Amino acid sequence: MIRLFSVSLIFIFLNAFCEETESVTDTTKTVSITSGEWPPYTSHDLEGGGVFTKIITQAFSLEGYSVDIKYYPWQRSYFLTADGQADASLAWAPTDDRKKDFIFSDPVTFSTKVFFHLKAFKFNWNSLNDVRHLRTIATKKYTYGNEFDLAAKQNQMNIIYSNNDEQKFRMLLAGRADLVPMEKLVGLFLIKNKFTVRQASRITYHNKPLQNTPICVAFSKKINSERLTTLLQAFNEGLAKLKESGQYDKILEDL
């Protein structure tokens with residue numbers, strides 16, 4: 001009887017140990033991610049979190065990982081992840097400055113930034129010299145191309161900073177700015193969904209690209225180096241599988 005009782009205790013202990021081990025394993029298979037609002041690519045308010053979010057979620061899932069995404073203002077999202085308080089952040093272009101804080105994944109998609117402006121403002125540009133004097137609303141920690149970023153850093157442009165894309169267009173409509181450099185599809189999405197038909201009809205964009213850039217997942221250099229290597233490899237492999245399966249193209253059709 002005592003022997004049977006001892007065996008039972010051992011079984012209970014082992015079962016509890018296994019459950020605890022599984023719990024720890026589950027935690028390591030969850031990727032903590034920060035993001036800002038950037039519809040239609042990533043947003044707390046969109047089904048599936050937006051196109052970019054769907055892609056990274058499915059890519060990680062193919063490698064056995066789940067994701068836990070928390071949304072913050074962009075600057076906070078950047079610094080929380082750079083500080084190692086999250087594994088990775090969406091969705092960033094791999095600039096030299098950012099490479100000091102992050103290791104970047106393979107490109108998830110490519111982004112084209114253009115200058116939005118009011119139709120009543122007869123705007124044309126060939127080089128940044130044509131826009132340096134104009135009131136331009138930008139977002140801190142965003143990149144708009146090396147030339148633009150350097151000119152802004154050296155105070156050679158008339159930059160107004162705002163981290164709210166909708167607010168940028170409202171400032172444009174109110175005559176408080178001349179230009180809004182923004183990812184083209186993001187700008188068109190906002191204009192269509194956040195403004196009246198009359199307001200939307202007043203805004204247009206210049207066809208000349210300000211920047212064409214890859215958009216990636218940024219993995220924090222502050223997390224455990226072994227985990228960083230594992231997550232980066234898992235995501236890149238999952239992304240490749242997603243593209244090979246044709247599911248990647250189906251997700252992009254939502255754009």
Side-chain angles (χ1 to χ4, degrees), residues 33-56 69-81 89-93 95 98 108-121 123 125 131 134-145 148-149 152 157-213 215-216 218 251-252 254-255:
I33 297 175
T34 67
S35 179
E37 289 288 327
W38 200 42
Y41 290 102
T42 177
S43 173
H44 183 268
D45 297 324
L46 292 178
E47 184 270 325
V51 171
F52 194 98
T53 308
K54 288 179 183 177
I55 290 171
I56 68 100
I69 301 177
K70 290 184 169 56
Y71 292 84
Y72 303 96
W74 281 108
Q75 196 168 2
R76 178 169 168 77
S77 175
Y78 182 100
F79 284 115
L80 282 173
T81 310
S89 187
L90 311 181
W92 300 93
T95 65
R98 292 174 186 163
V108 177
T109 186
F110 287 82
S111 165
T112 299
K113 289 188 176 73
V114 295
F115 283 116
F116 285 86
H117 61 92
L118 294 181
K119 288 181 180 178
F121 178 47
F123 171 68
W125 75 289
V131 305
L134 298 175
R135 298 169 298 170
T136 302
I137 313 179
T139 300
K140 288 184 178 179
K141 285 298 177 183
Y142 271 27
T143 179
Y144 299 93
F148 186 106
D149 295 348
M157 297 187 67
N158 186 6
I159 300 292
I160 304 166
Y161 286 107
S162 170
N163 289 335
N164 186 304
D165 287 343
E166 182 181 340
Q167 182 187 54
K168 293 175 186 176
F169 283 128
R170 297 200 180 279
M171 292 172 68
L172 188 68
L173 288 166
R176 295 168 56 194
D178 301 308
L179 301 175
V180 176
M182 191 178 295
E183 208 281 337
K184 183 170 70 174
L185 294 178
V186 171
L188 293 174
F189 179 90
L190 279 172
I191 292 168
K192 178 182 177 181
N193 291 279
K194 296 294 185 179
F195 295 89
T196 66
V197 173
R198 183 177 180 181
Q199 288 172 323
S201 69
R202 296 178 57 200
I203 304 174
T204 189
Y205 65 90
H206 196 284
N207 279 317
K208 178 180 171 63
L210 171 62
Q211 182 193 35
N212 286 306
T213 184
I215 303 298
C216 310
I251 296 172
L252 285 182
D254 290 346
L255 286 173

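This one's a predicted model, so the numbers in the text were calculated from it and none came from an experiment.
Under the salt bridge (charged side-chain N to carboxylate O under 4.0 Å, His left out) criterion, Lys70 pairs with Asp68, not counting sequence neighbours. The side-chain contact (heavy atoms from CB on, under 4.5 Å) check on Ile203 picks up Phe116, Leu118, Phe169, Leu172, Leu173, Ile191, with sequence neighbours excluded. Residues passing the ring pair (Phe, Tyr, Trp, His ring centres under 6.0 Å) test with Tyr71, sequence neighbours excluded: His44. Evaluation of the salt bridge (charged side-chain N to carboxylate O under 4.0 Å, His left out) rule for Lys168 yields Asp165 as partners, not counting sequence neighbours. Legend: residues meeting side-chain contact (heavy atoms from CB on, under 4.5 Å) with Gln75, ordered by chain and number and at least two apart, are Phe79, Lys140, Lys141, Asn163. For Asn207, the side-chain contact (heavy atoms from CB on, under 4.5 Å) partners two or more places apart in sequence, or in a different chain, are Tyr205. Under the salt bridge (charged side-chain N to carboxylate O under 4.0 Å, His left out) criterion, Arg98 pairs with no residue at all, not counting sequence neighbours. Legend: residues meeting ring pair (Phe, Tyr, Trp, His ring centres under 6.0 Å) with Tyr142, ordered by chain and number and at least two apart, are Trp74. Taking the salt bridge (charged side-chain N to carboxylate O under 4.0 Å, His left out) definition, one finds that Asp178 meets it with Arg135, sequence neighbours left out. Residues satisfying the side-chain contact (heavy atoms from CB on, under 4.5 Å) test with Ser77, not counting sequence neighbours, are Thr34, Tyr72, Ser89.
Between the CD1 atom in Ile69 and the OG1 atom in Thr53 there is a gap of 5.0 Å [rounded to 0.5 Å]. For the atom pair Lys184 NZ and His206 NE2, the distance stands at 13.0 Å (nearest 0.5 Å). With rounding to the nearest 0.5 Å, the separation of CE in Met182 from NZ in Lys113 is 10.0 Å. Distance check: Thr42 OG1 to Ile215 CD1 gives 12.0 Å after rounding to the nearest 0.5 Å. The distance from the OG1 atom of Thr136 to the CG atom of Leu210 is 9.5 Å, given to the nearest 0.5 Å.
Annotation: side chain of Leu90 is in contact with side chain of Ile56 (closest heavy-atom distance under 4.5 Å). For the pair Thr109 and Tyr41, the minimum side-chain heavy-atom distance is below 4.5 Å. When side chains are defined from C-beta on, Leu134 counts as touching Phe123, because their heavy atoms get closer than 4.5 Å. Counting only heavy atoms from C-beta outward, the side chains of Ser111 and Asn212 never approach each other to under 4.5 Å. Counting only heavy atoms from C-beta outward, the side chains of Thr204 and His117 approach each other to under 4.5 Å. At a threshold of 4.5 Å between non-hydrogen side-chain atoms, the residues Ile137 and Val180 count as touching.
Pro209 and Val114 get closest at one heavy-atom pair: CA-CG1, 4.3 Å. Between Thr143 and Ala93, the shortest heavy-atom distance links the atoms CG2-CB, 3.6 Å. Across all their heavy atoms, Leu190 and Glu166 have their closest contact at CD1-N, 4.1 Å. Of all the heavy atoms in Cys216 and Phe52, the pair that sits closest is O-CZ, 3.8 Å. The nearest pair of heavy atoms linking Ile159 to Ala152 is CG1-CB, 4.2 Å. Nearest heavy atoms, Val186 versus Pro39: CG1-O, 3.4 Å.
Of the possible polar contacts, one joining the Thr139 side chain to the Ser162 backbone as a donor-acceptor pair under 3.5 Å is found.
Sorted by first then second residue, the salt bridge (charged side-chain N to carboxylate O under 4.0 Å, His left out) pairs that include residues 36-53, not counting sequence neighbours, are Glu47-Lys54. The stretch residues 185-210 participates, sequence neighbours left out, in no salt bridge (charged side-chain N to carboxylate O under 4.0 Å, His left out) pair at all.
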Practice problem: Determine, stepwise, if the pair Thr81 / Trp92 fulfils side chain to side chain contact (heavy atoms under 4.5 Å, CB included). | Solution: CA-CA 12 Å; Thr81 310; Trp92 300 93; over 6 Å; no
Quiz prompt | Candidate pair Leu185 and Thr112, rule side chain to side chain contact (heavy atoms under 4.5 Å, CB included), full reasoning | solution = CA-CA 8 Å; Leu185 294 178; Thr112 299; over 6 Å; no
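Ring pair Tyr144/Phe148 is tilted by interplanar angle, where 30° to 60° counts as tilted.
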